[in-house]
Amino acid sequence: MFSPDAWREVRRLHAGGMPIKQIARHQQMAPNTVRRLLRCEQPPRYQRPERLSVAEPFEPLILQLLRAEPGVSAAEIARRIDWPASASLLRFHVARLRATLPPQVDPRPEQEQGFRSTVLRDFLPGWAECGLWWPPAELDVGYGQTRRCPVLLMVAGASRHMSACLLPSARFRNVWIGQRRLLQEWGAVPHTLRWDTSGIDFPWSWYFQTEGWDISWNTYVARAELDDLAVQDRGRPPSGLAAARRRLRQSSSASPLPAAPLTFAADLTSWVAEANEAARSGPTRWTEERAAMRAPATVPQLLATQCQCQGQGRAVPDADGYIAVAGTTIWWARGARDAD
């Protein structure tokens, strides 16, 4: 970057009839630089390159929320869209976008359209966050053995109502069955499920064929779409799920010694009840959000976990003792199996 004085000197020398190469030797610069300065009509100055605002990708979502709920606060918007920057910056942009909207907006005609409304239903009440929480202490499973068992968490998005279920392992089969149990306890199914899949064990596809269980993640998402449900797998943990994990971590720190599974399950129930009691003072009641969810009878695909496989729970070999697994024929040791 050259100073305005150098630009003026180059133009003065060129106007006096001095050749470009002689100007370059006189000013100790390249001839192409002299030509570039001569082509500039204005003196060169530093211009900071334009940078994309952090709020620009979120503006459509913020506008959708403001149109649906004109009185929604900036803190609630930050929680729903997982705002990555500071709260003051979001309040500035929310105030700027709120001023561009009409003074009175009636969202009732859009909300009466149900789940197929033009408003993004992912941000309306009735969604939930799902994921695993690993307790810090291991469980005493008997015979002098300890094991670290995960806990499936499901948190309502708006009211922060929480439910938990102790699982024997992190296999997705146990996770799906555990979620089915939690949904039956709620008596309602969220229209949007935001998952944090970190820590979940997804077996290979051949395992489902040999065991006769059609419970892969792709099947889970496909069944949810058949029931008109949305499944989101985000890269980072949702805010409500992270808060629930912190709350349970604080409650479980008082009992670091290994406990029996039944004892830990009873303690987990009390911890969840305390967390739900503290969350009742939120802006949205659990009863109101539960009314915005789906009825279990309207989601038969998601609540069914086991497929029909020749009337049994696993694949059956043919008369010669062979079985097809993932397109490969494998011999089944029937004699050794029967001997056991």
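What's counted below: heavy atoms across the whole structure, side chains too, no hydrogens, waters or symmetry copies.
Rounding to the nearest 0.5 Å gives a distance of 9.0 Å between CG of L241 and CG of L132. Atom CG of L65 is separated from atom CZ of R98 by 10.5 Å, given to the nearest 0.5 angstrom. In this structure, CG on L13 lies 14.0 Å from CZ on R8, to the nearest 0.5 angstrom. The distance from atom CZ of R171 to atom CD1 of I177, rounded to the nearest 0.5 Å, is 11.5 Å. Here CD1 of I81 is found 4.5 Å from CD1 of I62. Values are rounded to the nearest 0.5 Å. Distance check, rounded to the nearest 0.5 Å: OG1 of T33 to CD of Q28 gives 13.0 Å.
Annotation for L63 and T100: closest pair CD2-OG1, 4.4 Å, computed over non-hydrogen atoms. Considering all non-hydrogen atoms of both residues, P261 and L139 come closest at CA-CD1, 4.3 Å. Scanning both residues, R148 and P135, for their nearest heavy atoms gives NE-O, 3.0 Å. Closest approach of V94 and L66 over heavy atoms only: O-CD1, 4.2 Å. Pairing each heavy atom of H191 with each of A292, the nearest pair is CD2-O, 4.2 Å. Of all the heavy atoms in E289 and A156, the pair that sits closest is OE1-CB, 3.3 Å.
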Using salt bridge (charged side-chain N to carboxylate O under 4.0 Å, His left out), reason through R180 and E185 one step at a time and then give a plain yes or no. CA-CA 9 Å; R180 180 184 181 183; E185 291 180 358; over 6 Å; no
Passes side chain to side chain contact (heavy atoms under 4.5 Å, CB included), M154 versus L183? Steps please. CA-CA 9 Å; M154 193 163 62; L183 292 176; 3.6 Å; yes
Please evaluate residues D140 and Q145 with respect to the criterion side chain to side chain contact (heavy atoms under 4.5 Å, CB included), reporting the C-alpha separation (whole Å), side-chain torsions for both, the decisive distance (0.1 Å), and the verdict. CA-CA 6 Å; D140 184 7; Q145 299 180 1; 6.0 Å; no
Evaluation steps, side chain to side chain contact (heavy atoms under 4.5 Å, CB included), between H161 and V155: CA-CA 6 Å; H161 182 83; V155 183; over 6 Å; no
Stepwise side chain to side chain contact (heavy atoms under 4.5 Å, CB included) check, R79 with R160: CA-CA 11 Å; R79 188 170 62 86; R160 297 295 180 93; 2.3 Å; yes
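A heavy-atom distance below 4.5 Å is found between the side chains of L268 and L248. Two residues are said to be in side-chain contact when any heavy atoms from C-beta on lie closer than 4.5 Å; R67 and L101 meet this criterion. Side-chain contact between Q179 and C130: present, with at least one pair of heavy atoms (C-beta onward) separated by less than 4.5 Å. In this structure, S53 and F58 have side chains that are not in contact, with every pair of non-hydrogen atoms separated by 4.5 Å or more. Here the side chains of D227 and P300 are in contact, with some heavy-atom distance below 4.5 Å. Using a 4.5 Å heavy-atom cutoff, the side chains of M18 and H14 are not in contact. At least one side-chain heavy atom of C40 sits under 4.5 Å from a side-chain heavy atom of W7. Counting heavy atoms from C-beta on, the side chains of L193 and P190 come closer than 4.5 Å.
With sequence neighbours left out, E225 forms a side chain to side chain donor-acceptor pair (under 3.5 Å) with no residue at all. When the side chain to side chain donor-acceptor pair (under 3.5 Å) test is applied to R91, no partner is found at least two apart in sequence or on another chain. Residues meeting the side chain to side chain donor-acceptor pair (under 3.5 Å) test with R11, sequence neighbours left out: none. For R12, the salt bridge (charged side-chain N to carboxylate O under 4.0 Å, His left out) partners at least two apart in sequence or on another chain are E9. R147 meets the side chain to side chain donor-acceptor pair (under 3.5 Å) test with no other residue; sequence neighbours excluded.
Using a distance-only test at 3.5 Å, with no hydrogens or angles considered, a donor-acceptor pair links the side chain of E129 to the main chain of G240.
Within 6.0 Å of atom CZ in R96, more than 12 heavy atoms from other residues, nucleotides or ligands are found, so the atom counts as buried in its surroundings.
In summary, R245 and D196 engage in a salt bridge, as defined by a charged side-chain N under 4.0 Å from a carboxylate O. With respect to E69 and R80, a salt bridge is recorded, a charged nitrogen being found less than 4.0 Å from a carboxylate O.
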Listing, residues 162-170 side-chain donor-acceptor contacts under 3.5 Å, not counting sequence neighbours, or none:
{"unit_1": "S163", "atom_1": "OG", "unit_2": "W186", "atom_2": "NE1", "d": "2.5"}
{"unit_1": "S169", "atom_1": "OG", "unit_2": "N174", "atom_2": "ND2", "d": "2.5"}

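Cluster membership for F92 and L90, using ILVMFWY side-chain heavy atoms within less than 4.5 angstrom, is not shared. Under the 4.5 Å side-chain heavy-atom criterion for Ile, Leu, Val, Met, Phe, Trp and Tyr, L226 and W176 are members of distinct hydrophobic clusters.
Both the sub-6.0 Å distance and the 45° axial angle are satisfied by R194 relative to the ring of W127.
By the 30° and 60° cut-offs, the orientation of the rings of W271 relative to F264 is perpendicular. Between W217 and Y220, the angle of the ring planes stays under 30°, which puts this pair in the parallel group of the 30/60° scheme.
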